[in-house]
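Everything quoted here is computed from the prediction, not taken from an experiment. Position 1 is the first residue of the sequence; numbering continues from there.
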Amino acid sequence: MRCGGCGAKLGADPLRRVLARLPDQSALQARHGVILGIGDDAAVIRVSGADLVMTVDGFRSLVDDAYRFGRITAHHSLNDVIAMGGKGIAALAMATVPLMTEAMMEEELFALLKGAVDVLNAHGVPLVGGHSAEGGELALSLSITGVERAPSLRKDGARVGDALLLTKPLGTGAVLAAHMRGRAGSDVVAAALASMDHSNAAALEVLREHGVHALTDVSGFGLLGHLGEMLRGAGVGAVVRLSRVALLPGAAEAVAAGIVSSLQSNNEGALRDFDCAAVAAAEPGLRLLVDPQTSGGLLAAVPEARAGACVAALAEAGYPAAAIIGTVTEGRWQVLTA
């Protein structure tokens with residue numbers, strides 16, 4: 001079975017190869033005020049003195065409930081703007097609805113967009129247009145335009161000595177794969193859906209208050225894939241403490257049973273970037289470090305002296321799984337058990 005949600009993304013390696021083969025756009029981007037293009041969580045374009053943040057995300061459905069799917073897609077799409085420290089100002093939607101009777105298609109589209117709009121409205125982001133079409137499966141993509149808020153946040157600001165914080169548990173890819181196979185209990189699925197249907201906006205404000213240096217959201221390429229982007233950008237190393245990484249209920253059991261997302265094998269290339277010799281290869285938690293996340297948490301580099309208070313504040317703000325999962329170092333990239 002092929003996965004939905006962010007487990008349906010193309011792998012990082014073929015994506016990099018395709019982007020490398022495209023014509024160079026640097027001169028054109030400079031002419032049009034592109035400050036950041038491909039490579040960070042969202043593009044940044046300067047227009048009449050304002051820095052616009054622009055991103056697009058979406059996938060085919062991961063649940064049968066069109067309303068819940070719309071909500072999760074909106075949270076996931078907003079995450080890229082949130083991870084830039086920005087504020088969304090407008091959204092466009094691209095909806096695909098399976099062929100049914102006209103009345104059924106109308107209700108499916110309404111439920112889908114109602115879920116998305118409820119989340120967008122809660123974040124003060126109006127849906128201003130879009131496009132709809134028939135297709136083989138229910139799918140939704142959202143393009144979000146926002147504005148940067150000072151100070152702007154990037155992936156590449158991590159400093160040696162910073163603590164690495166993660167705001168949500170990992171495991172949506174494995175749990176959804178198990179759900180597709182009828183191998184996940186209702187309580188396990190409910191916990192994953194609740195995590196995906198939880199905004200990161202409040203977490204951003206807490207992280208800002210505690211002096212965050214670098215920020216990204218954890219999505220399709222897994223925790224280590226996105227951490228690797230942060231480390232490369234800053235030219236630093238890191239130690240990740242596996243025992244401190246929160247996991248969704250049922251995620252480790254699914255991996256132990258051999259049930260993983262269809263994107264898992266490609267994502268596991270990121271494990272080669274880290275020294276994982278201290279962790280048993282059969283440890284399910286190790287594979288979950290590259291599990292593709294749909295509407296995952298924020299990964300932040302925060303000054304070590306303020307990290308403990310930051311985690312406590314995140315818990316009070318509704319992120320009980322938030323934890324310090326590692327440290328930014330000068331050395332190699334490592335994963336340790338504890």
Side-chain angles (χ1 to χ4, degrees), residues 12 16 35-44 51 53 55 79-86 148-170 200 203-246 267 269-276 278 289-290 293 296-314 319 321-336:
R16 289 191 191 101
I35 298 171
L36 275 179
I38 297 168
D40 216 303
D41 292 303
V44 178
D51 290 348
V53 179
T55 183
N79 276 349
D80 283 336
V81 173
I82 290 171
M84 300 293 291
E148 280 204 314
R149 296 163 55 205
S152 60
L153 297 174
R154 301 286 190 270
K155 290 180 180 179
D156 60 3
R159 305 174 189 177
V160 173
D162 281 349
L164 292 171
L165 272 62
L166 181 64
T167 64
K168 286 187 184 183
L170 302 180
N200 281 314
L204 169 64
E205 299 312 312
V206 172
L207 292 166
R208 278 191 178 279
E209 291 168 4
H210 291 81
V212 59
H213 289 152
L215 189 64
T216 191
D217 67 310
V218 181
S219 57
F221 299 142
L223 173 65
L224 294 189
H226 293 289
L227 174 58
E229 293 173 340
M230 291 178 70
L231 301 180
R232 287 188 189 93
V236 294
V239 172
V240 175
R241 310 282 181 177
L242 185 59
S243 63
R244 301 183 188 178
V245 178
N267 278 5
L271 289 171
R272 295 192 293 270
D273 296 331
F274 288 78
D275 178 358
C276 303
L289 294 183
V290 292
Q293 302 305 289
L298 298 177
L299 174 63
V302 174
E304 191 275 335
R306 306 181 70 177
C310 186
V311 169
L314 284 167
Y319 304 88
I324 300 169
I325 64 164
T327 307
V328 179
T329 67
E330 292 180 346
R332 63 185 186 274
W333 303 3
Q334 291 181 281
V335 176
L336 304 179

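Judged purely by atom type and a 3.5 angstrom limit, D273 has no side-chain atom pairing as donor or acceptor with the backbone of L224. A donor-acceptor pair under 3.5 Å is formed between the side chain of N267 and the backbone N or O of G220.
For the atom pair N79 CG and T216 OG1, the distance stands at 9.5 Å (nearest 0.5 Å). Rounding to the nearest 0.5 angstrom, the gap separating the NZ atom in K168 from the CG atom in L223 is 14.0 Å. To the nearest 0.5 Å, atom CZ of residue R232 and atom CH2 of residue W333 are 4.0 Å apart. The CG atom of L299 sits 11.0 Å away from the OG atom of S219 when rounded to the nearest 0.5 Å. Expressed to the nearest 0.5 Å, how far CG of L242 lies from SG of C276 amounts to 9.0 Å.
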### Steps toward side-chain contact (heavy atoms from CB on, under 4.5 Å) verdict (C310, L165)
CA-CA 9 Å; C310 186; L165 272 62; 3.6 Å; yes

### Task
With side-chain contact (heavy atoms from CB on, under 4.5 Å) as the test, would you mind laying out the steps for V290 and L271 before giving the verdict?
CA-CA 8 Å; V290 292; L271 289 171; 4.1 Å; yes

### Task
Report the C-alpha distance between H210 and V206 in whole Å, list the side-chain angles of each, state the deciding distance to 0.1 Å, and finish with yes or no for side-chain contact (heavy atoms from CB on, under 4.5 Å).
CA-CA 6 Å; H210 291 81; V206 172; 3.9 Å; yes

### Query
Should F274 and L227 be marked as a side-chain contact (heavy atoms from CB on, under 4.5 Å) after you check the CA-CA gap, both sets of side-chain angles, and the distance that decides it?
CA-CA 11 Å; F274 288 78; L227 174 58; 4.0 Å; yes

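Nearest heavy-atom pair across A83 and L153 is O-CB, 4.1 Å. Closest approach of T167 to L298, counting heavy atoms only: OG1-N, 2.8 Å. Closest non-hydrogen pair, A322 versus V311, comes out as O-CG1, 3.5 Å. When all heavy atoms of L314 and L207 are compared, the closest pair comes out as CD1-CD2, 4.4 Å. Here the closest heavy-atom approach between residue A321 and residue P169 is recorded as CB-CD, 3.6 Å. Taking both residues in full, the closest heavy atoms of V212 and A300 are given as CG2-CB, 3.9 Å, listed atom of the first, atom of the second, then distance.
Partners of R149 under the side chain to side chain contact (heavy atoms under 4.5 Å, CB included) rule, at least two apart in sequence or in another chain, are K87, L204, E205, R208. Shown here are the side chain to side chain donor-acceptor pair (under 3.5 Å) partners of E148, two or more places apart in sequence or in another chain: R154. For E304, the salt bridge (Lys or Arg N to Asp or Glu O under 4.0 Å) criterion is met by no residue, not counting sequence neighbours. Partners of A214 by side chain to side chain contact (heavy atoms under 4.5 Å, CB included), not counting sequence neighbours, listed by chain and number: A158, M230, A301. For R244, there are no side chain to side chain donor-acceptor pair (under 3.5 Å) partners two or more places apart in sequence or in a different chain.
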What donor-acceptor contacts under 3.5 angstrom involve side-chain atoms of residues 323-331, with partners at least two apart or in another chain?
| unit_1 | atom_1 | unit_2 | atom_2 | d |
| --- | --- | --- | --- | --- |
| T329 | OG1 | A238 | N | 3.2 |
| T329 | OG1 | G331 | N | 3.3 |

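D217 is not listed as a side-chain neighbour of I82, based on a closest heavy-atom distance of 4.5 Å or more. Considering only heavy atoms from C-beta on, V239 comes within 4.5 Å of L336 through its side chain.
Note on residues 157-166: pairs passing side chain to side chain donor-acceptor pair (under 3.5 Å), not counting sequence neighbours, are R159-H213, D162-H213.
The aromatic rings of H226 and F221 sit parallel, their planes meeting at an angle under 30°, below the 60° perpendicular limit.
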